[in-house]
Amino acid sequence: MASHFQLIMRSGPTPGAVFNLGGEQLTVGRDSTNDVVINDAEISRRHARLTFQGGKYVLEDLGSTNGTFVNGQRLTGPRVLKAGEVVSFGEQIVLVYEASTFDPAATVASPRATAVPSISRPVTPPPPPAEYAGSVPASPVPAPITTARTNLTPILIGVGFLLFLCTCAGILWFIDANFLWCTFFPFLGGC
């Protein structure tokens, strides 16, 4: 008899999502390098680990910020999961652990298919998935840098005018300090 293990999301960013478990060791987290990726702010990058031991999965928290819970109890060490148990990551990410045993050699009976008349209907694409309030981008995207555009013309005119005034004042000071009034302004008289 073969066994099949899975986690089904009841609440979180993708309710109804099924995570099939297979392998000796799986990690759960927000980072894309994990085996079970849950893109949510409540999930740590590497949140928990599932280890297959003795035909069962053992769940262990990896020091996550918001904690790992089984049936409402926070994990303080490894815990063997049983079918139907509720696994929570943080407060809002809730999954159900399911384990089923089946015989691959068993004959499967299926109902006989009946003919259904086909009606031609236009196919509409499914709507895009709604953005989940706690979702986190898969990879950090830097925010665009925006610069304020200012009109430099008034600033340049003002700076030019100040330079002109300073130049004029400097020339007049030079003339006065060196008693050159008569040289530059002979029409003043008295020279």
With distance as the sole criterion, is a donor-acceptor pair present between the side chains of Asn66 and His47 under 3.5 Å?
-> no
Rounded to the nearest 0.5 Å, how far does CG of Leu95 lie from OG of Ser11?
-> 8.0 Å
Can a donor-acceptor pair be found between the side chains of Asn71 and Glu85 at a distance below 3.5 Å?
-> yes
Test log, rule side-chain contact (heavy atoms from CB on, under 4.5 Å), inputs Ile38 and Phe19 | CA-CA 10 Å; Ile38 301 174; Phe19 301 99; 4.1 Å; yes
For Val37 and Asn34, run side-chain contact (heavy atoms from CB on, under 4.5 Å): C-alpha distance rounded to whole Å, both residues' side-chain angles, the deciding distance at 0.1 Å, then the answer.
-> CA-CA 6 Å; Val37 178; Asn34 290 292; 4.3 Å; yes
Any idea which heavy atoms bring Arg10 and Pro15 closest together, and the distance?
-> O-CB, 3.9 Å
To the nearest 0.5 Å, how far apart are OG in Ser44 and CG in Asp31?
-> 11.5 Å
For Glu91, look at atom CD and say whether over 12 heavy atoms of other residues, nucleotides or ligands are found less than 6.0 Å away.
-> no
Is the backbone N or O of Arg79 less than 3.5 Å from a side-chain atom of Glu60, with the two atoms forming a donor-acceptor pair by type?
-> no
Show your working on side-chain contact (heavy atoms from CB on, under 4.5 Å) between Leu81 and Lys56 and close with a plain yes or no.
-> CA-CA 7 Å; Leu81 292 177; Lys56 297 178 181 181; over 6 Å; no
Taking every heavy atom of Ser88 against every heavy atom of Val94, the minimum-distance pair comes out as OG-CG2, 3.9 Å
In Å and rounded to the nearest 0.5 Å, what is the CG to CG distance from Leu59 to Leu50?
-> 5.0 Å
Taking the side chain as every heavy atom from C-beta outward, state whether Pro13 and Ile93 have any pair of such atoms under 4.5 Å apart.
-> yes
Donor-acceptor contact present, side-chain Asn151 to main-chain Pro154, <3.5 Å = no
Pairwise distance OG1(Thr68) to CG(Leu75) - rounded to 0.5 angstrom | 6.0 Å
Between CE on residue Met9 and CZ on residue Phe89, distance to nearest 0.5 Å | 8.5 Å
Taking C-beta and beyond as the side chain, do Glu98 and Val96 meet within less than 4.5 Å on heavy atoms?
-> yes
Kindly compute the distance separating CG (Asn20) from CD (Gln6), expressed to the nearest 0.5 Å.
-> 5.5 Å
Check for a donor-acceptor pair, side chain of Asp40 on one end and backbone N or O of Gly12 on the other, with a separation under 3.5 Å.
-> no
Should Val28 and Leu26 be marked as a side-chain contact (heavy atoms from CB on, under 4.5 Å) after you check the CA-CA gap, both sets of side-chain angles, and the distance that decides it?
-> CA-CA 7 Å; Val28 178; Leu26 306 165; 5.8 Å; no
Neighbour count >12 (heavy atoms, 6.0 Å) for atom CZ, Arg46 | no
Could you label the plane-to-plane angle of the Tyr97 and Phe5 rings as parallel, tilted or perpendicular, counting under 30° as parallel and over 60° as perpendicular?
-> parallel
